[in-house]
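As structure tokens, the structure follows; a few thoughts come after it.
A note on names: the letters A, B, ... follow the listed sequences, proteins ahead of strands, and every chain is numbered from 1. Computed from a predicted structure; not experimentally measured.
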Amino acid sequence: MSGQPPPQQHFYELYRRSSIGSALTDALDLYITEDRIDPQIAIKMLQHFDRIVSEVLNERVKARMSFKGHLDTYRFCDEVWTFIIKDINFKLDNNNMLHSDRIKIVAMNSKKPGET
Amino acid sequence: MSNTAVGAIYAQIIDKVMQLSQNDFEEAGVDQQTLHEIKQRWQENITRLHVAQCPWDPLPPPQPQMTSTPTVPSNVPAKSEPGMNSMPIMQTMQQSRMNTEPRIKEEAKYENGAQLPQMSGYRQQFAATEAQQRATTLLQQQFGNQANASIHNTGLAQPPRAGLQFPQHRPQHQQIQLPGQGQQRPPQQSYASQQQQQQQQQKPGANQTDGAGDDDTQWAAVMAARPSNDARISADNILRAQLDASVAVIDSGLMQPRSELRKKRKTVHRQMATLQISAGAAQTDGPDDEFKAPVDQDDEDAINSDLDDTDEDELNDSREDAEDGPVGETVLCVYDKVQRVKNKWKCVLKDGILTTGNKEYVFHKAQGEFEW
């Protein structure tokens with residue numbers, strides 16, 4: 001076993017659902033349907049995206065925030081927390097406040113399987 | 001954290017993904033031009049969502065300074081107030097902006113660059129008298145007709161036009177008549193003109209003081225200016241016909257969001273998979289197949305457990321998506337800690353993208369408290 005290369009680090013795919021992720025997926029989908037790129041290359045690109053988003057959010061973003069609200073639904077399945085929070089107020093770094101009637105939080109475990 | 005930082009973060013992400021993908025594209029024999037096009041398409045898609053101001057976006061059209069576009073001349077000075085001396089510069093700026101960007105066309109009605117230089121004298125005069133007009137109105141409101149005398153005495157009623165120069169194209173005799181007129185005017189005439197002024201002033205005055213009613217008044221004016229109800233109804237009908245047409249297109253699945261299409265595809269795939277399995281069961285033997293085939297059939301027909309009913313989940317999700325709008329109200333992140341004591345929850349989230357009110361925010365760390 002020791003002779004094998006270390007398994008490639010896995011990155012979450014959840015950010016593909018963000019606007020920037022769906023924008024990339026849509027763009028790639030267009031080029032695949034037009035037969036201009038191979039789906040394989042698109043998948044690779046999305047994997048790069050998974051990794052880069054995690055890295056950039058981790059290393060380049062310094063902003064903090066806090067929020068309060070009423071928990072409507074919670075779910076914990078396969079190490080993924082899903083909260084649906086109603087009447088939620090976000091307090092941003094610059095003391096700006098944001099409000100939403102209903103927001104869905106999808107949170108993966110920051111410690112990936114295999115990590116301690 | 002502000003929405004403005006998001007664009008820069010996204011730009012970094014795009015650049016890095018592009019850098020990494022360059023190699024893959026070379027290996028796959030796809031030219032770099034395609035990669036570049038994908039990047040552009042990606043950026044365009046983000047721009048279209050309007051979730052953030054991104055560095056690659058075309059510069060936003062200059063803030064519509066004309067949102068409270070003056071509809072009567074007496075409103076004009078409000079705009080020219082700050083720094084009247086800089087008027088010519090502002091004019092040329094506006095003019096040049098107009099040359100480059102056709103979007104400001106609506107300004108042309110009152111702010112036509114070609115006419116501005118000639119109008120400037122007139123505007124300055126108005127700007128100078130605006131304070132007086134306001135004072136007059138205020139006095140009128142507070143003291144009613146009793147104020148007339150004092151207004152007249154202080155010379156508020158009629159703007160002192162002595163020092164004002166009308167533009168060159170004005171008839172010469174007007175210039176001669178104007179000086180000193182304010183002071184020497186008989187009271188009645190002054191009162192009449194003042195009333196006139198006040199009437200003129202009423203509307204803009206309301207616009208300036210209460211703020212909130214602006215749009216309503218303007219909208220009412222717009223509505224009043226519309227030709228007739230019949231025209232509106234016919235226009236509504238046209239709109240409705242267009243809407244119906246677009247609904248027909250949506251029903252055909254042409255312009256549907258990807259997520260919904262995917263769900264449809266999933267159902268089709270599942271149906272196809274069942275078909276394949278039943279076909280496969282006929283071709284191969286062995287104990288596994290005999291065992292599997294009935295289970296699959298049962299899955300299709302008999303078991304109605306909540307736990308494995310994926311359709312319901314999908315329904316729920318699609319309902320949630322539908323409620324969330326085009327981008328959704330979501331936070332995508334990783335969690336460090338989730339704690340619960342009775343019905344009080346606390347969590348520490350990291351590396352997230354928050355989408356709310358069609359805007360996106362990124363955060364490194366977020367602390368949440370909520371109760372169930």
L349(B), part contacting chain A, at a heavy-atom distance under 4.5 Å: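 Just its side chain gets close to chain A.
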
Option in [options] with maximal non-hydrogen atom pairs under 4.5 Å from chain A:
{"options": "Q12(B), M18(B), E37(B), R48(B)", "value": "E37(B)"}
{"options": "E371(B), R41(B), K337(B), E27(B)", "value": "E371(B)"}
{"options": "I38(B), V30(B), I9(B)", "value": "I38(B)"}
{"options": "G352(B), G357(B), C333(B), G368(B)", "value": "C333(B)"}
{"options": "I46(B), N343(B), V338(B), I14(B)", "value": "V338(B)"}

Under 4.5 Å from a heavy atom of chain B, the part of [X] involved:
{"X": "K62(A)", "result": "backbone"}
{"X": "E79(A)", "result": "both"}
{"X": "L24(A)", "result": "both"}
{"X": "I88(A)", "result": "neither"}
{"X": "I37(A)", "result": "side chain"}

For the residue pair [X] and [Y], is the inter-centroid distance of their aromatic rings smaller than 6.0 Å?
{"X": "W372(B)", "Y": "F370(B)", "result": "no"}
{"X": "F67(A)", "Y": "F90(A)", "result": "yes"}
{"X": "W42(B)", "Y": "W56(B)", "result": "no"}

SB check K39(B) D15(B) (cutoff 4.0 Å):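 Yes.
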
Between [options], the one whose heavy-atom pairs under 4.5 Å with chain B are most numerous:
{"options": "I20(A), N58(A), I41(A)", "answer": "I20(A)"}
{"options": "D101(A), N109(A), L28(A), V56(A)", "answer": "N109(A)"}
{"options": "Y12(A), F49(A), Y74(A)", "answer": "Y74(A)"}
{"options": "E55(A), M45(A), K86(A)", "answer": "M45(A)"}
{"options": "S66(A), S100(A), A27(A), A23(A)", "answer": "A23(A)"}

Keeping the roles fixed (side chain from R102(A), backbone from K104(A)), state whether a donor-acceptor pair exists under 3.5 Å.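 Not confirmed, R102(A) side chain does not pair with K104(A) backbone.
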
Report yes or no: does S110(A) contribute a side-chain atom to a donor-acceptor pair with the main-chain N or O of Y335(B) at less than 3.5 Å?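 Here the side-chain-to-backbone pair exists.
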
Roughly how far, to the nearest 0.5 Å, is CG of N45(B) from OG1 of T25(A)?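 Atom-to-atom, T25(A):OG1 and N45(B):CG are 9.5 Å apart.
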
Of all heavy-atom pairs between E360(B) and S19(A), which one has the smallest distance, and what is that distance?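 Smallest heavy-atom distance, with atoms named: OE1-OG, 2.8 Å.
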
Step by step, work out the side-chain hydrogen bond (donor to acceptor under 3.5 Å, both in side chains) result for D31(B) and T34(B). CA-CA 6 Å; D31(B) 60 346; T34(B) 316; 2.5 Å; yes

State which residue, out of I52(A), V53(A), D50(A), fulfils the side chain to side chain contact (heavy atoms under 4.5 Å, CB included) condition with Y15(A).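 Of the listed residues I52(A), V53(A), D50(A), the side chain to side chain contact (heavy atoms under 4.5 Å, CB included) partner of Y15(A) is V53(A).
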
